[in-house]
Amino acid sequence: VIPRPALRIFSEHDLELLLCGLPSIDVAAWKHSARYNGVTAMGPLTAESRLAGWFWDFVFSREEVERALLLKFCTGSATVPARGFMHLPGLNSECPFTLSCVGPGDGRLPTAST
């Protein structure tokens, strides 16, 4: 047991890394379990869409630390649920990872919803 005063020097993220370690993220499993929503300038956003391809190319090209930070940005947690990406916790139930195209144009910054 760690004394409470000793815990104050760590952020939530630091404690998560200390207790869980750096996650190993299976990008192929992440991609396989992803859902797609919305319409791009070229039609519906699907797993075969150029936009989705760019996203997954980017994720595959990142180091493990950067993947963990991206996962944390998207889901609120830097780790994959024990039962896999299909079991990401949502507000009232499990919520699979979903890429959504929310509007035309390239002037928007990325957003995440947890």
In this structure, would Val39 and Met42 fall into the same cluster of hydrophobic residues linked by side-chain contacts under 4.5 Å?
no
Rounded to the nearest 0.5 Å, what's the gap from CG on Leu88 to OG on Ser93? Could you check?
11.5 Å
Nearest heavy-atom pair of Ala47 and Ala52: which atoms, and what distance?
O-CB, 4.1 Å
Please indicate whether Arg62 has more than 12 foreign heavy atoms, meaning atoms of other residues, nucleotides or ligands, lying under 6.0 Å from its CZ.
yes
Is there a chain of hydrophobic side chains (I, L, V, M, F, W, Y, each step under 4.5 Å between heavy atoms) that links Met86 to Ile25?
no
When rounded to the nearest 0.5 angstrom, what distance separates CG in Asp26 from CZ in Arg67?
9.0 Å
Does Leu51 offer a backbone N or O that forms a donor-acceptor pair with the side chain of Ser49 under 3.5 Å?
no
Closest heavy-atom pair and its distance - Ala34, Trp56
CB-CZ2, 3.6 Å
CG of Leu99 to CZ of Arg35: how many Å apart, nearest 0.5 Å?
11.5 Å
For atom NE2 of His87, is the number of surrounding heavy atoms from other residues, nucleotides or ligands below 6.0 Å larger than 12?
yes
Between Trp54 and Val27, is there a shared hydrophobic cluster once you connect ILVMFWY residues whose side-chain heavy atoms come closer than 4.5 Å?
yes
Once you measure the plane-to-plane angle for Trp30 and Phe85, does it fall in the parallel (<30°), tilted (30-60°) or perpendicular (>60°) bin?
parallel
To the nearest 0.5 angstrom, please state how far the CZ atom of Phe58 sits from the CD atom of Glu66.
6.5 Å
In Å and rounded to the nearest 0.5 Å, what is the CZ to CG distance from Arg50 to Asp57?
12.0 Å
Shortest non-hydrogen contact from Pro89 to Pro81?
CD-CG, 4.3 Å
Tightest non-hydrogen contact, residues Thr40 and Leu45, listed as CG2-CD1, 4.0 Å
